[in-house]
Amino acid sequence: MEEYIDLRSDTVTKPTLEMREAMAKAEVGDDVYGDDPTVNRLQEMAAEMTGHEAALFVASGTMGNLAAVLAHCQRGDEVILGKDAHTYRYEAGGISVLGGVHSCQLPNQPDGSIALDDIEAAIRYDDPHQPITRLIALENTHNRCGGTVQSVAYTRQVAEFAHERGLKVHLDGARVFNAAAALGVPVKELTGAVDSVTFCLSKGLSAPVGSVLCGSQEFIEQAHRARKILGGGMRQAGVLAAAGIVALEKMASRLGEDHVRARTLAEGLSENRGLVLDAGTPATNMVFMNLADDVSLSADEVAEKMKARKVLVGVAGSRRFRLVTHCWIDDDGVEKTVNAFSEILGQ
Ligand code: TLP
């Protein structure tokens with residue numbers, strides 16, 4: 001796949017040479033006993049960076065979000081989330097399948113936020129006919145809403161609102177380091193006020209595997225139990241955590257470059273009359289766009305033709321694309337992508 005320009009997702013990033021070296025040299029132990037020094041170090045770093053007491057290394061963003069919901073909620077509890085939330089749409093309904101947790105799906109605003117008035121109206125009153133509202137889940141950056149950024153003020157507002165009503169807040173921060181880079185703030189500004197946050201090491205941060213769930217000591221103890229239920233105790237996981245440490249030390253600070261390239265890509269593509277870019281795209285490292293009405297090809301057909309030109313694009317609907325920049329996409333890749341679209345669709 002090496003010769004392809006792969007814009008399908010930032011999950012396609014491969015470990016850097018420095019990560020591979022750190023993985024080879026990692027000191028390890030049995031993490032189920034808490035004995036893996038490299039996992040422990042990653043967890044300490046993650047807790048510190050996000051402004052929480054403790055952290056837990058998990059296999060994936062999906063596992064982190066699910067362990068968080070299992071730790072916050074009992075069966076019959078309800079989580080309020082956006083109808084475009086990754087947890088609602090793309091995590092195979094795990095919170096209901098495994099947690100018996102009911103979901104209340106509210107509209108996402110175009111910027112990915114959920115209106116406080118909508119949340120207020122959705123909170124259940126105490127009645128045996130109803131599930132018990134327990135948790136609000138946010139997402140930053142918001143994937144389906146365009147990689148959009150939730151502000152520090154909004155995140156704090158939701159946390160304050162929730163805490164006044166005895167509710168907890170979980171943040172799906174799969175790409176919260178992209179949000180922090182876009183805002184130019186330390187990540188803890190976006191994560192410190194919520195009760196728990198999951199962030200992914202294996203997306204723009206380029207580590208091969210893993211996410212970290214952060215929260216209070218007491219919450220992480222519950223999440224640890226949930227991770228065990230999910231089969232997520234990973235033994236000598238230090239070989240993976242070592243790459244995660246490099247990701248936090250070296251890759252978080254360069255994410256802004258991916259945002260600049262996404263802008264250059266969007267500028268180039270906006271000149272193509274066969275494409276209609278979403279208003280405001282890109283907010284971070286994702287360019288969303290549709291085929292213009294007069295294009296007779298489908299998104300799948302265009303993607304096939306792009307593939308023949310060694311460019312892989314994400315198909316996000318019958319006439320829709322998502323293109324994601326990351327550290328393996330350079331300026332030349334951006335230019336080749338713009339040119340390949342021109343060859344297929346004309347200017
Ligand atoms: N997102 C993936 C696919 O699942 C669509 C991608 O290519 O964007 N939260 C958010 C906001 C995510 O975007 C993702 C993955 C996850 C959670 C789940 O992470 P993993 O794939 O590690 O389970």
Side-chain angles (χ1 to χ4, degrees), residues 6-15 46 56-70 79 81-95 97-98 103 108 111-114 137-150 155 170-180 182 187 190-191 194 196-214 226-227 230-232 234 237 240-241 243-244 247 255 258 262 281-288 303 312-317 320-329:
D6 195 345
L7 294 155
R8 290 173 300 170
S9 182
D10 45 13
T11 59
V12 302
T13 47
K14 294 177 184 165
L56 187 70
F57 185 45
V58 290
S60 64
T62 302
M63 185 183 278
N65 289 333
L66 180 51
V69 173
L70 293 178
V79 52
L81 38 58
K83 72 174 176 52
D84 287 321
H86 194 277
T87 299
Y88 175 60
R89 283 192 173 258
Y90 304 118
E91 292 173 19
I95 61 170
V97 177
L98 297 175
S103 63
N108 281 107
D111 69 354
S113 65
I114 311 172
L138 301 178
E139 186 173 313
N140 198 9
T141 61
H142 199 292
N143 186 345
R144 208 179 142 86
C145 289
T148 44
V149 176
Q150 310 303 299
T155 312
H170 173 67
L171 174 64
D172 175 356
R175 296 184 181 83
V176 73
F177 282 92
N178 290 85
V187 77
L190 292 168
T191 55
V194 297
S196 58
V197 55
T198 308
F199 69 82
C200 294
L201 297 161
S202 60
K203 299 195 165 61
L205 298 181
S206 205
V209 179
S211 293
V212 188
L213 173 59
C214 308
R227 187 184 71 173
L230 299 174
M234 292 193 288
L240 300 174
L255 290 172
D258 302 336
T281 198
T284 49
N285 67 331
M286 297 180 182
V287 176
F288 278 88
L312 302 176
V313 296
V315 173
R320 189 161 173 78
F321 301 101
R322 183 187 75 161
L323 274 52
V324 186
T325 55
H326 48 76
C327 64
W328 296 87
I329 302 295

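All residue numbers refer to positions in the sequence shown, counting from 1. Side-chain atoms are counted along with the backbone in the values below, which use heavy atoms only and exclude waters and symmetry mates. In listed order, ligands and their atoms are each counted from 1.
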| Nearest neighbour of atom 23 (O) of ligand 1 from the list V324, T62, N65, on a heavy-atom basis | T62
| field | Working for side-chain hydrogen bond (donor to acceptor under 3.5 Å, both in side chains), residues H170 and N65 | value | CA-CA 8 Å; H170 173 67; N65 289 333; 2.9 Å; yes
| note | For L213 and S196 the tightest heavy-atom approach is CD1-CB, 4.3 Å
| note | shortest atom 11 (C) of ligand 1-to-protein heavy-atom contact is with E139 OE2, 3.4 Å
| Heavy-atom pair of closest approach, residues P282 and V287 | CB-CG2, 4.1 Å
| query | Just checking, is any N or O donor in the side chain of H142 or Q150 under 3.5 Å from an acceptor N or O on the other one? | reply | no
| request: Starting from atom 7 (O) of ligand 1, locate the nearest protein heavy atom and write down its residue, its atom name and how far away it is, to 0.1 Å. | output: S9 OG, 2.7 Å
| query | Of the protein's non-hydrogen atoms, which lies at the shortest distance from atom 4 (O) of ligand 1, and what is that distance? | reply | H86 NE2, 2.9 Å
| Looking at R175, which atoms of ligand 1 are within less than 4.0 Å of one of its heavy atoms? | 6 (C), 8 (O), 12 (C), 13 (O)
| request: Taking only heavy atoms of S60 into account, list the atoms of ligand 1 that are under 4.0 Å away from them. | output: 22 (O), 23 (O)
| So is E91 in contact with ligand 1, going by heavy-atom distances below 4.0 Å? | yes
| query | Short N/O distance, under 3.5 Å, between K203 and ligand 1? | reply | yes
| said: Looking at every heavy atom in both V315 and A303, which two are closest together, and how far apart are they? | reply: CG2-CB, 3.6 Å
| said: Tell me which one of R175, H326, K203 satisfies side chain to side chain donor-acceptor pair (under 3.5 Å) with D10. | reply: R175
| query | Does ligand 1 have any atom sitting under 4.0 Å from a heavy atom of R322? | reply | yes
| request: Supply the atom-to-atom distance T325 OG1 to N285 CG, rounded to the nearest 0.5 angstrom. | output: 4.5 Å
| Nearest protein heavy atom to atom 22 (O) of ligand 1, by residue and atom, and its distance? | G61 N, 2.9 Å
| task | Kindly identify the option in N140, T198, T11, D172 whose heavy atom sits closest to atom 9 (N) of ligand 1. | result | D172
| Identity of the nearest option to atom 13 (O) of ligand 1, non-hydrogen atoms only, from N143, V176, V209, V12 | N143
| remark: Nearest heavy-atom contact between R322 and R8 is NH2-O, 3.1 Å
